[in-house]
Amino acid sequence: MATETRRTNCHYCGYCCAFLATVEDGRVTDLVPDTTRYPYDERILAGCRRWRMNLDALDGDDRVNYPLRRVGARGGNQWERVSWDEALDDIAARLGALAEEHGPETLASAIGGPHASYWPLHRFMNLFGSPNNMGIGQICWNPRIWMDALTFGWTVEADIVPGVTDCLFIWGTNPAESDNSAFWRSLIQFSKTEAALVVIDPRRTRIAALADVWLPIRPGTDCTLALGLLHVIIGEDLVDRAFVDSWCHGFDELAEHVLPYTPDFVAQACGLAAEDIVRAARLFGQARAAALVSGRGVDQVGASVAPTHRAICSLRAVTGNVDKPGTCVLAEGADFVSEMELEMTDALAPEQRARCLNTHLTPLQCYDGYERVRTLTEKLGRTLPARYLTSAHPDLVLHAMETGEPYPVRALIVNATNPLLTYADTHRVFEAFMGLDLLVVLEYYMTPTASIADYVLPIAAAVERPILQVHGGVANIGYGGPAAVDPYYERRCDYEVFRELGKRLGQGDAWPESTLAEAFAMQLARAGLDWDLFCELGIYCQQPAFAKHELPGLDGRPQGFATTTGKIELASEFLPLLGGPRLPEPAVPVTLCSEGLRAQAEQEGGSWLPMITGSRKQPYNASMYFNNPAFRAKSPYPVVEVSEATAVRLGLAAGDRVEIATDNGSARFILGTAPMRDDLVNVDYGWWHPEWEPGSPDFGGMWESNVNCLTSCAPGEPMIGTWSYNAIDCVLRKVNEPLSWENV
Ligand SMILES: Nc1nc2c(c(=O)[nH]1)N[C@H]1C(S)=C(S)[C@@H](COP(=O)(O)OP(=O)(O)OC[C@H]3O[C@@H](n4cnc5c(=O)[nH]c(N)nc54)[C@H](O)[C@@H]3O)O[C@H]1N2
Ligand SMILES: Nc1nc2c(c(=O)[nH]1)N[C@H]1C(S)=C(S)[C@@H](COP(=O)(O)OP(=O)(O)OC[C@H]3O[C@@H](n4cnc5c(=O)[nH]c(N)nc54)[C@H](O)[C@@H]3O)O[C@H]1N2
Ligand code: SF4
Ligand SMILES: [Mo]
């Protein structure tokens, strides 16, 4: 028996840690951490509960191993095994016929978190002629990317350097649960230094417990807080005058704009103590080097998202905490072939771009907005990825599926996402998908979404496929490595699936590389790096320089920032061109509970409360890993949390069964108590029961504790279209009947 050791990587989180696989006759028999490749850290791997799943997942009997075609009614969970050729021939023929009848825009795609390289799907879509890539773009990552780009001309990253950074703001992010790896470890170390740590989060997270100042903010009021911090910083002249005079545009306007945001006013609006606001502002304003990291807490709050990010950008700028060591640093563009080129964005004809189901709704998040920003960022040679930043709006895509307006969307390709759990408004998503002519799902598992497909295509996971993680090209870093083995059974890499489908639809010339590894090699070659060498090193990385705005441009003068004015835009000259505001204004959170629902809940002894959803928790990730028996033994059921005081006020106790509802639907959970703001509900997301039968009637138990049965994707933010998973409301009441899984 031939035994070899091969390099490979884990992809159960974004770090893509390196491993050495023992391979016997094409099968992996063991995995050990590779101590020679990025980002090896013995303690992190010792604490990581996920990486051993790679071995189980290779041969797990719950994996999808062969192409499956639906027989019988949609959602009936009756399948026949077909060959790849049969599946791809039929899918291509049906897509061709649908495009003939309705135009290529009748095909939409759905993506999720950064699980896969999405550019092959997007290349396929662009060449097919459809602009309608739907996903999570509007609520994950890209609000920040858009606002950073409009303010600074590119994205910024916190450069947290112990001994240099003397103030750090952690704003609406909880790395103990969402990262739980190198970054979280570095924060623990950082909290032990003299530097000030300020955490803005309604929950007393583990990082909040380490903070010098914890601001348990009322959800959805972060823009007001940021403007209040600016009020103190400008009022007390904690401003970096020299930097502002040379490099900021619109300071006087901003100074006037924040005058009404006094500590008392802000304290009232945000449910905080005025003296804590002043203290936090002084810590940031007086620091020699201050950094700030934000997350979902400010990304997923509908209309507030853009103004909050802009106010946060202004906070960095007026204090001069931009592109200096230990502050917020503008990344470099990647040396590799850009995501936009890989996606072949330019192949999509202008008339098809104009049909994207976002263009008339969100003037920034669309091809026109993208091209305008691209013109700016490319002045300094950097290109943003197009995929998220032009993604269609789910509200419009669902509407087109439901009504055929403005044109029918009849087919959908779902790649690396489980929309029935993770997209807003599950009932609506379900009805819309059930009515499609063709639903193709590329998956590892028979998820609820896969269970209602026409075709489920078996996809190769980490260890069976090469990995190149490049963060969409917004920084000059790439890491990953080769596959240890060929995919087991008949699984294939996503790339090969889109290539084969594309070839059947006349796209042959556009897919010169026959494997994903060859495509990665081509992507890296532009950086002068050979794929085999990259696999040995595990990483390509160039540190950005500091104070890049002072470097000489082509005309010999400082190159400045890639914005309309060449300066950091505290007052935006760009957004008004799209009908947006010059300065950040707080917005009012949405309500999802009608008066009728509230009155009924009250009659039944329930209460109406603000809600946040999806706060990350180990060991799960969105709708994944519920099939891991060890994880389930440790975290067996879905939880709704309130503070102890709130539980007492509501007459509830930990362990009670509760139902939460909005006008959209309801879900049931077990009540827990946790240290957090009073009168607030924190709800788990992603819960289903893989041990249940897929398909009708229970769809893997997804109706019972699925918080997205309550949410809505109605566009809140007018430039990007962000909807709300946080700062919404619900009614909560106790129920006595056992939850169905208690009977199993
Ligand atoms: N275990 C695990 N890790 C994950 C994921 C997962 O599902 N599970 N998902 C991955 C993905 S897709 C993402 S995008 C990242 C997200 O990573 P993070 O952004 O770190 O997400 P969370 O850990 O939920 O932290 C968000 C925090 O914001 C707080 N918050 C809620 N509403 C508000 C508000 O209105 N204002 C403020 N200031 N705070 C608020 C919540 O209490 C919560 O603690 O995590 C990634 N990592
Ligand atoms: N209520 C609420 N909803 C939310 C959020 C929230 O906080 N609250 N968070 C939102 C955010 S930030 C995000 S990013 C989304 C996450 O939403 P999703 O990305 O839809 O969530 P996952 O459960 O991680 O689904 C990933 C699916 O893809 C499969 N998969 C993993 N890797 C691959 C691959 O390489 N190829 C293929 N074909 N399949 C693969 C997995 O088996 C899994 O079923 O959820 C969003 N929805
Ligand atoms: S789950 Fe993340 S931290 Fe753990 S081994 Fe995999 S990539 Fe590394
Ligand atoms: Mo996300």
Side-chain angles (χ1 to χ4, degrees), residues 9-19 31 33-34 38-41 44-54 112-115 135-137 139-142 144 169-185 199-208 215-226 270 272 293-302 304-305 308 312 388 417 421-422 462-463 467 469 479-480 589 610-625 631 635 641 674 676-677 680 682-686 724-728:
N9 293 70
C10 172
H11 199 173
Y12 282 126
C13 83
Y15 285 97
C16 300
C17 292
F19 287 85
L31 273 183
D34 184 344
Y38 172 87
Y40 176 70
D41 183 317
I44 287 170
L45 290 167
C48 173
R49 287 187 276 167
R50 289 189 189 154
W51 64 264
R52 287 180 184 81
M53 291 193 310
N54 282 298
H115 314 293
I136 45 93
I139 48 88
C140 182
W141 196 65
N142 80 358
R144 176 170 77 77
F169 272 38
I170 296 287
W171 200 320
T173 175
N174 179 20
E177 302 292 331
S178 65
D179 179 276
N180 193 29
S181 186
F183 179 52
W184 168 234
R185 257 181 193 283
V199 174
I200 301 155
D201 197 306
R203 299 183 310 124
R204 192 171 169 80
T205 57
R206 276 198 277 164
I207 190 75
L215 299 175
I217 192 167
R218 173 176 295 134
T221 63
D222 299 84
C223 180
T224 304
L225 175 63
C270 302
L272 298 169
V293 183
S294 70
R296 279 184 48 255
V298 291
D299 278 348
Q300 301 184 343
V301 283
S304 292
V305 73
T308 304
I312 285 176
Y388 274 12
T417 179
L421 273 302
T422 57
V463 183
I467 288 172
Q469 176 91 310
Y479 48 92
M611 162 170 82
I612 58 177
T613 76
S615 297
R616 293 344 189 203
K617 279 186 190 168
Q618 293 291 331
Y620 302 119
N621 192 94
S623 73
M624 289 195 287
Y625 317 144
F631 290 5
S635 304
E641 284 168 349
M676 57 191 273
R677 251 190 102 77
L680 174 68
N682 175 44
V683 188
D684 280 0
Y685 104 110
S724 300
Y725 289 133
N726 292 320
I728 41 185

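Whatever order the structure lists ligands and atoms in, that order sets their numbers, starting from 1. Keep in mind that the numbers below use all heavy atoms, side chains included, and drop hydrogens, waters and symmetry copies.
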Check your understanding: Tell me, which protein residue and heavy-atom name are nearest atom 6 (Fe) of ligand 3, and how many Å apart are they?
Key -> Cys10 SG, 2.3 Å

Practice item. Please write down residue, atom name and distance for the protein heavy atom closest to atom 38 (N) of ligand 1. Key: Asp222 OD2, 2.7 Å

Exercise for review: Look at atom 35 (O) of ligand 1 and say which protein heavy atom is nearest, naming residue and atom and giving the distance to 0.1 Å.
Suggested key: Gly220 N, 2.9 Å

Review point. Among all protein non-hydrogen atoms, which one is nearest to atom 44 (O) of ligand 1, and what is the separation to 0.1 Å?
Key: Asp201 OD2, 2.6 Å

Exercise for review: I would like to know whether Tyr725 and Tyr685 meet ring pair (Phe, Tyr, Trp, His ring centres under 6.0 Å); could you show each step before the answer?
Suggested key: CA-CA 10 Å; Tyr725 289 133; Tyr685 104 110; 7.1 Å; no

Review point. Counting each atom of ligand 1 from 1 as listed, which ones have a heavy atom of Cys140 under 4.0 Å away?
Key: 14 (S)

Practice item. Rounded to the nearest 0.5 Å, what's the gap from OG1 on Thr221 to CD1 on Ile200? Could you check? Key: 10.0 Å

Check your understanding: With atoms numbered from 1 as shown, which atoms in ligand 1 lie under 4.0 angstrom from a non-hydrogen atom of Asn726?
Key -> 31 (C), 32 (N)

Check your understanding: Would one find an N or O of Tyr620, backbone or side chain, under 3.5 Å from an N or O of ligand 1?
Key -> yes

Practice item. Kindly say whether Arg296 contributes a backbone atom to a donor-acceptor pair with the side chain of Asn726 at under 3.5 angstrom? Key: yes

Practice item. Report yes if Arg218 has an N/O atom closer than 3.5 Å to an N/O atom of ligand 1; otherwise report no. Key: no

Point to revise | Atoms in ligand 1 with a heavy atom of Lys617 nearer than 4.0 Å | key: 1 (N)

**Study point:** Polar atom proximity, Asp179 to ligand 1 (N or O, under 3.5 Å)
**Key:** no

Exercise for review: Indicate yes or no: does an N/O atom of Val301 lie under 3.5 Å from an N/O atom of ligand 1?
Suggested key: no

Check your understanding: Which atoms from ligand 1 have a heavy atom of Thr205 less than 4.0 Å away?
Key -> 44 (O)

Review point. Got a sec: is Cys17 within less than 2.8 Å of atom 8 (Fe) of ligand 3 via an N/O/S atom?
Key: yes

Check your understanding: Charged N to carboxylate O below 4.0 Å: is that the case for Glu177 and Arg203?
Key -> no

Review point. Which residue owns the protein heavy atom closest to atom 46 (C) of ligand 1, what's the atom, and how far is it?
Key: Ser178 O, 3.7 Å

Study note, to complete from the structure: atom 34 (C) of ligand 1 has as its nearest protein heavy atom Gly297 O, 3.1 Å

Review point. Is it true that some N/O/S atom of Cys13, main chain or side chain, lies under 2.8 Å from atom 2 (Fe) of ligand 3?
Key: yes

Practice item. Any atoms of ligand 1 less than 4.0 Å from a non-hydrogen atom of Ala622? List them with their elements. Key: 6 (C), 7 (O)

Review point. With atoms numbered from 1 as shown, which atoms in ligand 3 lie under 4.0 angstrom from a non-hydrogen atom of Trp51?
Key: 5 (S)

Point to revise | Region of Ile612 that comes within reach of ligand 1 [heavy atoms, distance under 4.0 Å] | key: side chain

Exercise for review: Using distance alone, decide if ligand 1 has a nitrogen or oxygen within less than 3.5 Å of any nitrogen or oxygen in Gly295.
Suggested key: no

Exercise for review: State if Arg50 counts as touching ligand 1 under the rule of any non-hydrogen atom under 4.0 Å.
Suggested key: yes

Point to revise | Atoms of ligand 1, numbered as shown, that sit under 4.0 Å from any heavy atom of Trp171 | key: 38 (N)

Check your understanding: For atom 39 (N) of ligand 1, which protein heavy atom lies nearest, and how many Å away is it?
Key -> Pro202 CD, 3.3 Å

Check your understanding: Nearest non-hydrogen atom to atom 28 (O) of ligand 1 belongs to which of Pro216, Ser304, Gly172?
Key -> Gly172

Practice item. Applying side-chain contact (heavy atoms from CB on, under 4.5 Å), run through Ile728 and Thr613 and close with a yes or a no. Key: CA-CA 9 Å; Ile728 41 185; Thr613 76; 4.3 Å; yes

Check your understanding: For atom 6 (C) of ligand 1, what's the nearest protein heavy atom and its distance?
Key -> Asn621 OD1, 3.2 Å

Check your understanding: Does a side-chain N-to-carboxylate-O contact under 4.0 Å join Asp299 and Arg144?
Key -> no

Review point. Which ligand 3 atoms are under 4.0 Å away from a heavy-atom of Cys48?
Key: 1 (S), 4 (Fe), 5 (S)

Check your understanding: Which of the atoms in ligand 1, numbered in the order shown and given with their element, are less than 4.0 Å from a heavy-atom of Pro219?
Key -> 34 (C), 35 (O)

Practice item. Check each atom of ligand 3 against the heavy atoms of Tyr12 and keep those under 4.0 Å away; list them by number with element. Key: 1 (S)

Revision key, fill the gap. Atom 25 (O) of ligand 1 has as its nearest protein heavy atom Asn174 N, 3.2 Å

Review point. Applying a 4.0 Å heavy-atom criterion (strictly less than), which segment of Leu45 is in contact with ligand 3: side chain, backbone, both, or neither?
Key: side chain

Review point. Should Tyr685 be counted as touching ligand 1, given the test is an N or O pair under 3.5 Å?
Key: no

Review point. Which of the listed options, Arg616, Glu177, Arg296, Met624, holds the heavy atom that is closest to atom 12 (S) of ligand 1?
Key: Arg616

Check your understanding: How are the rings of Tyr620 and Phe631 set to each other: parallel, tilted or perpendicular (split at 30° and 60°)?
Key -> perpendicular

Check your understanding: For ligand 3, which atoms, with element, lie under 4.0 Å from some heavy atom of Arg50?
Key -> 1 (S)

Revision key, fill the gap. Rounded to the nearest 0.5 angstrom, the CD1-CZ distance for Ile44 and Phe183 is 12.0 Å

Exercise for review: Please say whether Ile217 places an N or O atom under 3.5 Å from an N or O atom belonging to ligand 1.
Suggested key: no

